[in-house]
**Student:** 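Structure in structure tokens, see below.
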Amino acid sequence: IKWNALLQTLFGLLSCFSPSMTYFIVFRFVYGVGIGIVIPLSATYMSEITPNTDRSSILTQSRGYWASGCLFTFALAWLLLASHHWRILLFIICLPGVYALY
């Protein structure tokens, strides 16, 4: 999980500062692979560490947090992309990863 967080944070930051469209596409692709890895990885990890009695509740809350985060990101993107501040958006999206790795 930590390696995946490092992968996502690193390539998220690289896409924020990409010098060309080619680099941007490559960095966002690798970032997307990291997102694709973290969803089943986090669900599996949560299933293994939680007791049987609390497992369904905790997994449901986890998926709810994912949905809330996606909604927040969508709203933030709507505000920032209207004024063409896409680099700021990508940087803000990477901040939780930087915090988690710290």
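Below, each value reflects all heavy atoms present in this structure, side chains not excepted, and no hydrogens, waters or symmetry copies. Note that the structure is a prediction, hence the values are computed from the model and not measured.
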**Student:** Hydrophobic cluster membership, with links at side-chain heavy-atom distances under 4.5 Å among I/L/V/M/F/W/Y: are Ile1 and Ile37 in one?
**Tutor:**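 Yes; tracing contacts between hydrophobic side chains, which count when under 4.5 Å, links both residues.
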**Student:** With rounding to the nearest 0.5 Å, note down the distance linking CG in Leu90 to CG in Leu95.
**Tutor:**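 Taking CG in Leu90 and CG in Leu95, the distance rounds to 11.0 Å.
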**Student:** Distance check, rounded to the nearest 0.5 Å: Leu101 atom CG versus Lys2 atom NZ?
**Tutor:**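 Separation between the atoms: 7.0 Å.
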**Student:** Restricting to non-hydrogen atoms, name the atom on Ile39 and the atom on Ser42 that form the minimum distance, rounded to 0.1 Å.
**Tutor:**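 Nearest pair, atom of Ile39 first, then Ser42: O-OG, 3.1 Å.
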**Student:** Applying ring pair (Phe, Tyr, Trp, His ring centres under 6.0 Å), which residue pairs with at least one partner in residues 79-102 are found, sequence neighbours left out?
**Tutor:**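 Passing the test, one end in residues 79-102: Phe24-Trp86.
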**Student:** Report yes if the side chains of Ile92 and Thr73 come closer than 4.5 Å at any heavy-atom pair, otherwise no.
**Tutor:**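 Side chain of Ile92 against side chain of Thr73, heavy atoms only: no contact under 4.5 Å found.
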**Student:** Taking all non-hydrogen atoms of both residues into account, name the closest pair between Arg63 and Ala43 and its distance.
**Tutor:**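 Answer, listing the atom of Arg63 first, then Ala43: NH2-CB, 3.1 Å.
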**Student:** Return the set of residues passing side chain to side chain donor-acceptor pair (under 3.5 Å) with Asn52 (not counting sequence neighbours), or none when no residue passes.
**Tutor:** Arg55
**Student:** I need the minimum non-hydrogen distance between Cys94 and Gly12, along with the two atoms involved.
**Tutor:** SG-C, 3.2 Å
**Student:** Using the test side chain to side chain donor-acceptor pair (under 3.5 Å), find all partners of Arg28 that sit at least two apart in sequence or belong to another chain.
**Tutor:**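 Arg28: side chain to side chain donor-acceptor pair (under 3.5 Å) contacts with Ser15.
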**Student:** What closest approach, in Å, do Thr44 and Pro40 show between heavy atoms, and which atom pair accounts for it?
**Tutor:** OG1-O, 2.8 Å
**Student:** Applying side-chain contact (heavy atoms from CB on, under 4.5 Å) to Leu13 and Val98, what does each step give before you reach the verdict?
**Tutor:** CA-CA 10 Å; Leu13 289 172; Val98 172; 4.2 Å; yes
**Student:** Taking Thr9 for its side chain and Leu6 for its backbone only, find out whether a donor-acceptor pair lies under 3.5 Å.
**Tutor:** no
**Student:** Tell me the closest heavy-atom pair linking Tyr31 and Phe11, and the distance in Å.
**Tutor:** N-CB, 4.2 Å
**Student:** Only pairs at least two apart or in different chains count here, so list each ring pair (Phe, Tyr, Trp, His ring centres under 6.0 Å) that has a residue in residues 45-79.
**Tutor:** Phe74-Trp78
**Student:** Which other residues end up in the same hydrophobic cluster as Leu59, if Ile, Leu, Val, Met, Phe, Trp and Tyr are linked when side-chain heavy atoms come under 4.5 Å apart?
**Tutor:** Met46, Ile58
**Student:** Under a 4.5 Å side-chain heavy-atom rule over Ile, Leu, Val, Met, Phe, Trp and Tyr, are Ile93 and Phe17 clustered together?
**Tutor:**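 Each belongs to a different hydrophobic cluster.
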**Student:** If the condition is side chain to side chain contact (heavy atoms under 4.5 Å, CB included), which residues does Ala77 pass it with, not counting sequence neighbours?
**Tutor:** Leu81, Leu89
